[in-house]
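Here the structure is a predicted model, which is why all the values come from computation and not from measurement. Numbered from 1 within each chain, the chains take letters A, B, ... in sequence-line order.
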There are 2 protein chains.
Amino acid sequence: MKMKSAAIIGAGLMGSAMSWPLADNGFEVFLVGSPLDDYIIRSCRDMRFHPSLGRVIPENVIPIECKDAASVIGSAELIVSGVSSYGVDWIAGFLEEHYVPGQKIISITKGIRINASCGIELFPEIIQKHLPMAGGSASVVAAVGGPCIAGELAARRQTSVMFGSHDIELARYFTGVFTTDYYHPIPTDDLMSLELCVALKNAYTVAVGCTAGMLETEEHEDEANAKMHNSAAAIFAQGCMEISRMIGILGGKRSYAAFLPGAGDLYVTSAGGRTMKLGRLLGSGMLYSEARERLHGVTLESVMIISEMAKIIPSLLEKKKAREVEFPLMLALIDCIVNNKKMCLPFEKMFNDKAFV
Amino acid sequence: MKMKSAAIIGAGLMGSAMSWPLADNGFEVFLVGSPLDDYIIRSCRDMRFHPSLGRVIPENVIPIECKDAASVIGSAELIVSGVSSYGVDWIAGFLEEHYVPGQKIISITKGIRINASCGIELFPEIIQKHLPMAGGSASVVAAVGGPCIAGELAARRQTSVMFGSHDIELARYFTGVFTTDYYHPIPTDDLMSLELCVALKNAYTVAVGCTAGMLETEEHEDEANAKMHNSAAAIFAQGCMEISRMIGILGGKRSYAAFLPGAGDLYVTSAGGRTMKLGRLLGSGMLYSEARERLHGVTLESVMIISEMAKIIPSLLEKKKAREVEFPLMLALIDCIVNNKKMCLPFEKMFNDKAFV
């Protein structure tokens, strides 16, 4: 029997890691690099070694350079859109060119976009809009959310995530394809709640990271070596609450904030990485403009989501759909990232009982 | 003007740490040791140094040995009940003897108790029952919940917590007394939701700790040094969900699970300490009976709450108020702690979509 095949577009960490469950489930996996990924693809092809994951790739993964994509994509049953939020327009155009009717797409991209009329666009919807040949209004693009560090998935560590689509059957299809004894996707048709959590958790991780920066800049080491976990936990909880409130305002299920894509994903993102690093720099007193210099070349999806929130929150406040007391942490993040002011964690304003739970 | 005075009963970490905000707010603080705390009180008295906190105590704290308690307690405007869940009966008896009508009490004890008819008793209620002289049914006992490592409070790190009482005015009184520029209590009248979170988070922290134990017992180090954060985050999220469900079943506010006393407190408890250590040992394959030996002398409030859950969950299942698919993690913890079986994290059973959010 001919092997089923899948194409992953974008050979960054998470896109590439998705090849492990696919390969383990018997798929032939075309790992197609974006135009920025040529060195990754060459290493994967010549040495079977993925340089960012630091790991040998599975046997049935076939690395493909972007320029050769056309030759393989048509044969794939499913496509993983594996770019960052900065690559969404590129991948939408790419798929517009290469998509074949009947193919199913799942997007790992984290983020949302606010359009000119202050409406929310989810990335799967943006991609689907570019696929007129997909036919009708049936969803062909699903999304992944939930706590997943790519390197751990590729190490086959126990990982639980959610697959969301407006069409639950599409989510279930992908669940069937990807489930292994270490990778546990759960299907949902609540794409809005899922994507809001996925996006917002990056923003609030910056705030959690700030507490680490505050600790680093204490003048003297504490006599009993106290850390800053209480502050981090308060920020973490305020983040969960603000995610819950924003989901509620935008018509989703607030309970997602205490679930895999909310609290779970915020937890794993706060365990380290570039988003925490940005927070640490800001918490230590650096302006965002300085931190951005320092992190030159690092993809900061947190910055994009905070900038998108800067567009929608004023409008929500104006329409009285939201109140300032409900979002002190996001407003502080916007002041820091968008207005380039020194980060100031609003401990005094958090958990205001006029905005209770 | 004469200083107002407060008495803290129990000179363990958290009880003692509560003296910092009180002292900073101008209280004369009697730090009264339990019968187990004599060495702490002697050190505090002779050297002004708290040996467990590793820190010099504030000027207006007056260390008192348990045998001398009677001489000071009567003059206190408020009392902090500062014992662990294993000391609740002792403190209830102690207060029965020493309480003076008009005094207000706040309890830091974490836990709940299931009585013979499978009803839930909250510790503030247990204490109040022993105070017939308190008069009437008005609450005089409040409780503290939320993410707070004692050593960080004593270092005056930014800390947000909740003060709960059936009587919101009592909670507000304590909020007024304790608020400083680093300690931010928020009043609530939802004592049940608060106390369930406070208790349950200890249980689920054991499960988060198990993932660290699993990592330690991997045969080979991973080629790319992958950790176990995905697994920890999945357990964390499942913990939040089960807390939310249990609160819902018992008539509280489910949203607390994504708030300071739920996700926030679970986050800080999972940052380290004895509960995580127990989890690590169990996750590495040790039986609970062996881990208990290894942790001889360590107070494990997590074990008490898991044992209490072992009493109530079968009854909830039988009455069809709960379903097994809703609590796979707690059932695994019960199997491990109460039935002394090897810990087995139920990744396959978690986030079952028949028990969704």
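Checking side-chain atoms of A:Arg55 against main-chain N and O of B:Glu223 turns up no donor-acceptor pair under 3.5 Å. A donor-acceptor distance shorter than 3.5 angstrom exists from the side chain of B:Ser231 to the backbone of A:Gln158, with no hydrogens or angles considered. A donor-acceptor contact shorter than 3.5 Å links the side chain of A:Arg157 to the backbone of B:Ala226.
Top candidate by heavy-atom pairs under 4.5 Å with chain A, chosen from B:Gly146, B:Pro147, B:Ser270, is B:Pro147. Each of B:Ile243, B:Leu215, B:Leu153, B:Asp222 has some count of heavy-atom pairs under 4.5 Å with chain A, and the biggest count is that of B:Asp222. The residue among A:Val161, A:Thr159, A:Leu260 with the most heavy atom pairs within less than 4.5 Å of chain B is A:Leu260. In terms of heavy-atom pairs under 4.5 angstrom with chain B, the leader among A:Gly272, A:Ala258, A:Ala237 is A:Ala258. Options B:Met228, B:Glu218, B:Glu348, B:Glu152 differ in how many heavy-atom pairs under 4.5 Å they form with chain A, and the most are formed by B:Glu152. Chain A forms the most heavy-atom pairs under 4.5 Å with one residue out of B:Gly239, B:Ala257, B:Ala234, B:Gly262, and that residue is B:Ala234. Counting heavy-atom pairs closer than 4.5 Å to chain B, the top residue among A:Ala154, A:Ala263, A:Gly151 is A:Ala263.
Of all the heavy atoms in A:Gly264 and B:Ala233, the pair that sits closest is O-CB, 3.4 Å. Closest non-hydrogen pair, A:Ile149 versus B:Asn230, comes out as N-OD1, 2.6 Å.
B:Ser255 is not listed as a side-chain neighbour of A:Arg254, based on a closest heavy-atom distance of 4.5 Å or more.
Proximity to chain B (any heavy atom under 4.5 Å) is restricted, for A:Phe236, to the side chain, taken from C-beta onward. Heavy-atom distances place no part of A:Leu266 under 4.5 Å from chain B, backbone and side chain included.
Using cut-offs of 30° and 60° for the angle between ring planes, the B:His184 and A:Phe347 rings count as parallel.
In this structure, B:Tyr267 OH and A:Ile235 CD1 are separated by 10.5 Å, a value rounded to the nearest 0.5 Å.
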